[in-house]
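Quick note: residue numbers are just sequence positions, from 1. As the structure is a prediction and not an experimental result, all values here were calculated from the model.
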Amino acid sequence: GLGLAVPDPYATSITVGPTTIKDVKQDTLGAYVKGNFDGTIGGLRYSGNAGIRYVDTARASKGYLSPTLTTVVKSDFSYWLPSANLSLNLSEDLTLRLAAAKVVARPSLNQVSASFVPNTVSMTGSRGNPNLRPFEATQFDATLEWYFAPSSSLTGALFYKKVDSFTVTTVTREFIPGFSERFGLFDIAQPQNGEDGSIKGFEVAYQHAFRFLPAPFDNLGIQANYTYVDSST
């Protein structure tokens, strides 16, 4: 049979071409050393570990800034990431845990691509940022755990994280060679490293297994938790 294609007046026009090709190569090298320790202090048993990790990331982003203009952006990031954990048994069923660490989170490959994806109807577009840095955080945690019955516990925790360079999305109006001559200026959304910030809060968790109930109800239980988070940037 014969078919007739009718244009959809509500469809958007997203230009598909070389500018939509995303090519990112990322090599990561990591090494770490860690030491475990345990003993007693003041009659209280303790255990834990401390170490440091080295991470190096080399990234190469290739893409098209316009239908004819190519680019290659290379970047390298390296970090020393120390961490330590301590567990102190205050009694047979009460444990205090302390932790401190520096951590990083790498952006997704889509966020660091160099290509430009235009929408010629809405005059908008999106582009990754090959120079986008991982964001770092220095974090501290303290947890008090009470194991008051078999498979049952009541725990409370405090946490604080100092975050460097949150990833935010900005929009700028740009002239795009190969497109703007025909369509005009585009509003381009792109991820950027923003300001520093902090995250802090507390959490409470309760778990109780009803082992005292007769079968088959002895496999029932209750589990509940609450977390409060306050962040600013």
Side-chain angles (χ1 to χ4, degrees), residues 7-30 53-81 101-139 159-201 229-233:
D8 183 356
Y10 299 102
T12 58
S13 176
I14 299 177
T15 302
V16 178
T19 60
T20 62
I21 298 174
K22 301 178 181 181
D23 186 353
V24 181
K25 180 181 180 181
Q26 186 166 274
D27 295 319
T28 301
L29 172 67
R53 179 185 298 270
Y54 174 78
V55 179
D56 180 85
T57 301
R59 179 200 302 154
S61 299
K62 305 177 184 179
Y64 287 80
L65 299 178
S66 73
T68 58
L69 181 61
T70 61
T71 183
V72 178
V73 182
K74 295 183 178 180
S75 55
D76 189 275
F77 309 96
S78 58
Y79 300 93
W80 291 95
L81 306 173
K102 184 175 181 180
V103 297
V104 295
R106 288 184 292 269
S108 66
L109 297 182
N110 186 60
Q111 289 181 305
V112 298
S113 67
S115 295
F116 163 69
V117 181
N119 186 316
T120 55
V121 172
S122 62
M123 301 304 297
T124 60
S126 61
R127 180 192 295 122
N129 182 359
N131 295 311
L132 191 66
R133 302 190 312 274
F135 63 83
E136 309 168 58
T138 302
Q139 56 190 31
F159 56 88
Y160 175 82
K161 303 176 188 290
K162 176 66 171 63
V163 183
D164 296 330
S165 298
F166 275 105
T167 300
V168 298
T169 300
T170 61
V171 178
T172 58
R173 183 155 293 183
E174 299 182 20
F175 179 89
I176 307 298
F179 289 98
S180 292
E181 294 89 346
R182 296 173 54 197
F183 302 104
L185 299 178
F186 285 78
D187 290 326
I188 307 300
Q190 186 178 41
Q192 302 282 354
N193 287 111
E195 298 180 357
D196 300 344
S198 64
I199 303 172
K200 59 183 180 291
V229 180
D230 180 29
S231 62
S232 61
T233 182

Exercise. Can you name the residues that form a salt bridge (Lys or Arg N to Asp or Glu O under 4.0 Å) with Asp76, not counting sequence neighbours?
Worked result: none
Exercise. In chain order, what residues pass the side chain to side chain donor-acceptor pair (under 3.5 Å) check against Asn129, with sequence neighbours excluded?
Worked result: Gln192
Exercise. Does Thr124 have any side chain to side chain donor-acceptor pair (under 3.5 Å) partners at least two apart in sequence or in another chain, and if so, which?
Worked result: Ser122
Problem set entry | Side-chain touch Lys62/Thr70, heavy atoms, less than 4.5 angstrom | no
Seminar exercise, completed: When every non-hydrogen atom of Tyr79 is compared with those of Pro134, the smallest separation belongs to OH-CD, 3.4 Å
Problem set entry | Contacts of type side chain to side chain donor-acceptor pair (under 3.5 Å), residue Ser198, not counting sequence neighbours | Ser232
Problem set entry | For Asp230, all residues meeting side chain to side chain contact (heavy atoms under 4.5 Å, CB included), sequence neighbours excluded | Lys200, Tyr228
Exercise. Excluding sequence neighbours, so at least two apart, what forms side chain to side chain contact (heavy atoms under 4.5 Å, CB included) with Ser75?
Worked result: Arg59, Phe77
Problem set entry | Heavy-atom closest contact (Tyr54 atom, Ser78 atom, distance) | OH-CB, 3.5 Å
Show me the donor-acceptor pairs within less than 3.5 Å that the side chains of residues 103-112 make with the rest of the protein, sequence neighbours left out.
residue, atom, partner, partner atom, Å
Ser108, OG, Gln111, N, 3.4
Asn110, OD1, Lys22, NZ, 2.5
Gln111, OE1, Ser108, N, 3.2

Problem set entry | salt bridge (Lys or Arg N to Asp or Glu O under 4.0 Å) partners of Lys162, counting only residues at least two apart | Asp164, Asp196
Problem set entry | Reported OG1-to-CG distance for the pair Thr167 and Asn193, which is rounded to 0.5 angstrom | 5.5 Å
Let me have the donor-acceptor pairs involving side chains of residues 177-188, under 3.5 Å, with sequence neighbours excluded, atom names and distances please.
residue, atom, partner, partner atom, Å
Ser180, OG, Ile176, N, 2.6
Ser180, OG, Ile176, O, 3.4
Ser180, OG, Gly184, O, 2.8
Glu181, OE1, Gly178, N, 2.9
Glu181, OE1, Phe179, N, 3.4
Glu181, OE2, Gly178, N, 3.4
Asp187, OD1, Arg173, NE, 2.8
Asp187, OD1, Arg173, NH2, 3.2
Asp187, OD2, Arg173, NH2, 3.1

Problem set entry | Residue pairs fulfilling salt bridge (Lys or Arg N to Asp or Glu O under 4.0 Å) with at least one residue in residues 116-138, sequence neighbours excluded | Lys102-Glu136, Arg127-Glu174
Problem set entry | Contacts of type side chain to side chain contact (heavy atoms under 4.5 Å, CB included), residue Val73, not counting sequence neighbours | Thr71, Pro130, Asn131
For this session: Flag yes if more than 12 heavy atoms outside Glu195 fall under 6.0 Å of its CD atom; otherwise flag no.
Result: no
For this session: Could you list the residues that satisfy side chain to side chain contact (heavy atoms under 4.5 Å, CB included) with Thr169, not counting sequence neighbours?
Result: Ala189
